Amino acid sequence: IWLIPVVAFVVAILYARNYYAHRGPVVTIRFSEAKGIRPDDTQVFHRGVEVGTVVRVRLAPDEKMALVHVRLHRNAMAFARKGAVYWVVRPEITEKSLSGLSTVLSGPFIDSAPGTGPEEKEFSGLPREPEPVGEGLRIVLTSPRLGHLQSHSPIYYRGIEVGQIREVGLGRD
């Protein structure tokens, strides 16, 4: 009769060993705010494929940032490497576009891009999706006055939209 509990105990030990051996790493992402991000509910995606889940959200010791702890899937180790980037996707409405509408009912999620450097455990989250690299021409213009220009304003050449303003800010001087 003692054989059944012993076999159950051995099976439980093997199951637990297998479970812990196949878990991915936990990374910490610093965001300026974590509104809507919930442990065990908010997922991390890359190109629409889930690569991890938020396991804990807390304030940094200096209380200036939110620390989001994410358990990555074991096959998503590239997201625990230097150069990986993370940003929160929320609904956004601008005069040019609507984005993140899928988050209206489900809540925000974290999107990401993999890194290629050495392993890393802490990352700084971006306030919005990063600019595409290698696409188009980036030009920095200076002007004594801003006028009505703002981020995401279109740029026209002979009546045809050829780009948009990415960022508006003060010069170094």
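This one's a predicted model, so the numbers in the text were calculated from it and none came from an experiment.
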Would you name the heavy atoms of [X] and [Y] that are closest together and state the gap between them?
{"X": "Arg30", "Y": "Ala60", "result": "NH1-CB, 3.9 Å"}
{"X": "Val27", "Y": "Glu120", "result": "CG1-O, 4.0 Å"}
{"X": "Glu50", "Y": "Thr53", "result": "OE2-OG1, 3.1 Å"}
{"X": "Pro108", "Y": "Val88", "result": "CB-CG1, 3.8 Å"}
{"X": "Ala84", "Y": "Ala78", "result": "CB-O, 4.2 Å"}
{"X": "Val70", "Y": "Ile29", "result": "CG2-CD1, 3.9 Å"}

What is the distance from atom [atom1] of [X] to atom [atom2] of [Y], rounded to the nearest 0.5 Å?
{"X": "Ile155", "Y": "Gln164", "atom1": "CD1", "atom2": "CD", "value": "8.0 Å"}
{"X": "Met65", "Y": "Arg58", "atom1": "CE", "atom2": "CZ", "value": "13.0 Å"}
{"X": "Asp111", "Y": "Phe45", "atom1": "CG", "atom2": "CZ", "value": "8.5 Å"}
{"X": "Leu67", "Y": "Phe31", "atom1": "CG", "atom2": "CZ", "value": "10.5 Å"}
{"X": "Ile165", "Y": "Ile139", "atom1": "CD1", "atom2": "CD1", "value": "11.5 Å"}
{"X": "Gln43", "Y": "Arg38", "atom1": "CD", "atom2": "CZ", "value": "9.5 Å"}

**OP:** Please check if atom CG in Leu14 has more than 12 non-hydrogen atoms from other residues, nucleotides or ligands closer than 6.0 Å.
**Re:**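 Yes, because the 6.0 Å sphere around CG of Leu14 holds more than 12 heavy atoms from other groups.
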
**OP:** Kindly assign one of parallel, tilted or perpendicular to the pair Tyr86 and Phe79, based on the angle between their ring planes and the thresholds 30° and 60°.
**Re:**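 Judged by the thresholds at 30° and 60°, the geometry between Tyr86 and Phe79 is tilted.
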
**OP:** Start with the C-alpha gap between Glu161 and Tyr156, add the side-chain angles, then the distance that decides, and say whether side chain to side chain contact (heavy atoms under 4.5 Å, CB included) holds.
**Re:** CA-CA 4 Å; Glu161 185 176 339; Tyr156 294 99; 3.8 Å; yes

Subject >> Donor-acceptor side-chain pairing of His46 and Ser112 below 3.5 angstrom >> reply: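 There is no such pair (donor and acceptor under 3.5 Å, judged by atom type) between the side chains of His46 and Ser112.
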
Side chains of [X] and [Y]: does their closest heavy-atom pair fall under 4.5 Å?
{"X": "Val68", "Y": "Ile110", "result": "yes"}
{"X": "Arg128", "Y": "Trp87", "result": "no"}
{"X": "Pro25", "Y": "Lys121", "result": "yes"}

Original post:
Is there a donor-acceptor pair under 3.5 Å between the side chain of Arg90 and the backbone N or O of Lys35?
Top reply: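 Present.
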
Original post:
Is a donor on one side and an acceptor on the other found under 3.5 Å between the side chain of Arg56 and the backbone of Pro39?
Top reply: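 No; judged by distance alone, with no hydrogens or angles, the pair does not exist.
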
Original post:
Under 4.5 Å between side-chain heavy atoms, hopping through other hydrophobics if needed: is there a path connecting Val57 to Phe109?
Top reply: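 Hydrophobic grouping puts Val57 apart from Phe109.
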
**OP:** Evaluate the criterion side chain to side chain contact (heavy atoms under 4.5 Å, CB included) for residue pair Glu119 and Met77; output intermediate values, then yes/no.
**Re:** CA-CA 8 Å; Glu119 281 192 31; Met77 294 299 290; 4.2 Å; yes

